[in-house]
2 protein chains.
Amino acid sequence: MSTEYLRLDQQICFALHAASRAFGNVYRVVLRDLGLTYPQYLVLLVLWEHGELPVKRIGELLRLDSGTLSPLLKRLETAGLVDRRRSADDERSVTVSLTEAGLALRERAELIPRRIAEATGLPPADVVELRDRLARLTAALDAAAP
Amino acid sequence: MSTEYLRLDQQICFALHAASRAFGNVYRVVLRDLGLTYPQYLVLLVLWEHGELPVKRIGELLRLDSGTLSPLLKRLETAGLVDRRRSADDERSVTVSLTEAGLALRERAELIPRRIAEATGLPPADVVELRDRLARLTAALDAAAP
DNA sequence: CACGATTGAGTTGTGCACAACTCAATCGCA
DNA sequence: TGCGATTGAGTTGTGCACAACTCAATCGTG
């Protein structure tokens with residue numbers, strides 16, 4: 001019984017890991033046309049929403065550190081989708097903004113959410129509930145990780 | 001309304017991605033003592049359960065291909081935790097088995113599940129439900145990804 | 001039996017994630 | 001004001017994940 005109980009967390013963690021990778025596969029297929037990876041798409045999503053953001057803020061929104069973001073943003077810059085410039089009032093900070101091409105990509109990206117939603121096969125209510133459960137779980141795990 | 005709906009899948013996917021990484025952080029801390037990464041721990045879990053397995057079967061159980069498993073297993077072999085040998089009746093197949101050290105590690109690993117379970121802050125019933133939802137989601141996504 | 005197709009591991013190359021680190025800019029307080 | 005601490009980006013190194021590929025072993029069908 002204790003053993004039974006102890007196995008559950010392994011299963012939940014593995015289920016999470018597997019679901020996350022399965023989502024990655026679906027996004028990979030859908031994003032191939034746009035030449036984007038899923039994390040790159042996430043960065044563009046926050047930029048489409050906010051216009052421009054410092055690297056620091058992007059990291060907070062997406063839960064990513066500079067070790068991940070710096071090379072990723074460099075690739076987006078090379079692809080001509082974003083610009084990076086040092087902030088005038090704090091030379092430590094770098095502001096990321098969309099280029100014309102980056103802005104234009106938004107229209108093509110607007111077809112994506114529906115395709116993903118269809119792939120999940122879930123009704124919106126279930127999606128909302130699952131999302132909230134996962135958010136609570138993430139918060140609990142963040143609190144537990146020192 | 002349509003817009004509202006279309007955002008949900010992004011949120012569920014991001015929530016999943018974030019939760020998976022948050023779990024990774026917790027496991028990283030807990031597994032540091034054992035010198036293991038989370039995927040390496042998963043491999044040992046299936047070996048502890050089954051004794052020995054062909055690489056192919058490990059890949060099916062963990063949803064990983066040889067491009068991921070081959071170097072991972074090589075690291076576990078270098079660490080002295082597993083052995084690899086070509087199967088006698090099918091020379092293409094490689095059988096992975098635990099060494100004494102790999103077997104012995106199980107005892108130290110048995111403390112881990114409880115620590116993880118505590119970190120989630122979830123009652124067992126919630127864990128079961130979430131696990132099942134995620135499993136169904138993964139199945140739906142797998143069916144959608146060609 | 002022979003030979004083309006398939007299968008199982010492994011390799012190579014790209015990108016993400018994170019730890020540990022560097023370095024310059026900024027902050028804050030004695 | 002001056003200087004030690006902190007902050008924001010970036011770099012380096014390790015490992016996972018996956019695509020695309022190689023290669024040998026095995027299978028299956030004529």
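None of the values given here were measured: they were computed from a predicted structure. Only this structure's heavy atoms are used, side chains among them; waters, hydrogens and symmetry mates stay out. Chain naming here is simple, since letters A, B, ... match the order of the sequence lines and numbering starts at 1 in each.
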**Message:** Is S70(A) close enough to dG10(D) that one of its side-chain N or O atoms is under 4.0 Å from OP1 or OP2 there?
**Reply:** yes

**Message:** dG10(C), OP1 or OP2 - any side-chain N/O from R84(B) closer than 4.0 Å?
**Reply:** yes

**Prompt:** R21(A) side chain: which of dC18(D), dG10(D), dG15(D) is closest?
**Reply:** dC18(D)

**Request:** Please report the C-alpha distance between L16(B) and L134(B) in whole Å, then the side-chain angles of each, then the deciding distance to 0.1 Å, and finally whether the side-chain contact (heavy atoms from CB on, under 4.5 Å) criterion is met.
**Result:** CA-CA 9 Å; L16(B) 209 47; L134(B) 290 171; 3.6 Å; yes

**Request:** Can you figure out which of dT11(C), dT6(D), dA19(D) approaches the side chain of R28(A) most closely?
**Result:** dA19(D)

**Complete:** Taking dA9(C), dA9(D), dG15(C) as options, the one with an atom nearest any side-chain atom of S66(A) is dA9(D)

**Request:** Mind calculating the distance between CG (L73(A)) and P (dG15(C)) to the nearest angstrom?
**Result:** 14 Å

**Request:** Sort out the partner of dT22(C) for me: Watson-Crick or G-U wobble, both distances under 3.5 Å, none otherwise.
**Result:** dA9(D)

**Where A18(B) and T138(A) come nearest, the two heavy atoms and their spacing** = C-OG1, 4.0 Å

**Asked** What are the two closest heavy atoms between R63(B) and A22(A), and how far apart are they?
**Response** NH2-CB, 3.4 Å

**Asked** Rounded to the nearest Å, what distance is computed from the CD1 atom of residue I58(A) to the C1' atom of nucleotide dG8(D)?
**Response** 13 Å

**Message:** Expressed as a whole number of angstroms, how long is the span from R85(B):CZ to dA9(C):P?
**Reply:** 13 Å

**Request:** Show the numbers, then the answer: is there a side-chain contact (heavy atoms from CB on, under 4.5 Å) between D65(A) and L69(A)?
**Result:** CA-CA 6 Å; D65(A) 69 3; L69(A) 281 176; over 6 Å; no

**Fill in**
Walking DNA chain D from its 5' end, the first of T95(A) and P71(B) to be reached, judged by nearest nucleotide, is T95(A)

**Fill in**
Taking dG8(D), dT26(D), dA9(D) as options, the one with an atom nearest any side-chain atom of R92(A) is dG8(D)

**Request:** Mind checking R57(B) for me? I need base, sugar-phosphate or nothing, with any heavy atom below 4.0 Å counting as a touch.
**Result:** nothing

**Message:** Can you list everything that forms a side-chain contact (heavy atoms from CB on, under 4.5 Å) with A109(B)? Sequence neighbours excluded, please.
**Reply:** L34(B), Y41(B), W48(B), I112(B)

**Prompt:** Going by the angle between their ring planes, with limits at 30° and 60°, are H17(B) and Y38(A) parallel, tilted or perpendicular?
**Reply:** perpendicular

**Message:** Measuring from the side chain of T68(B) (C-beta onward, heavy atoms only), which nucleotide among dA9(C), dA9(D), dA17(D) has the closest atom?
**Reply:** dA17(D)

**Request:** Check the distance between dG13(C)'s P and D65(B)'s CG and give it to me in whole angstrom.
**Result:** 17 Å

**Request:** Just compare dC18(C), dA9(D), dA25(C) and give me whichever is closest to any side-chain atom of N25(B).
**Result:** dC18(C)

**Asked** Heavy atoms under 4.0 Å, any strand shown: does L64(A) hit a base, just sugar-phosphate, or nothing?
**Response** sugar-phosphate

**Request:** Using heavy atoms to find the nearest nucleotide of DNA chain C for D89(A) and L72(A) separately, return the residue whose nucleotide is more 5′.
**Result:** L72(A)

**Asked** Looking only at side-chain N and O atoms, does S93(B) come under 4.0 Å of OP1 or OP2 in dA9(C)?
**Response** yes

**Fill in**
Nearest-nucleotide check on DNA chain D, R32(A) vs Q40(B); residue mapping nearer the 5' end is Q40(B)

**Request:** Specify the separation, in whole Å, of atom CZ of R63(B) and atom P of dC18(D).
**Result:** 7 Å

**Complete:** Whole-Å distance, D90(A) CG to dT6(D) P, equals 17 Å

**Prompt:** Is K74(A) near enough to dA9(D) that one of its side-chain N or O atoms lies under 4.0 angstrom from OP1 or OP2?
**Reply:** no

**Fill in**
Separation of dA19(C) atom P from L31(B) atom CG, nearest Å, is 14 Å

**Request:** Calculate the interatomic distance between Y38(B) atom OH and dA17(D) atom C1'; express it in whole Å.
**Result:** 14 Å

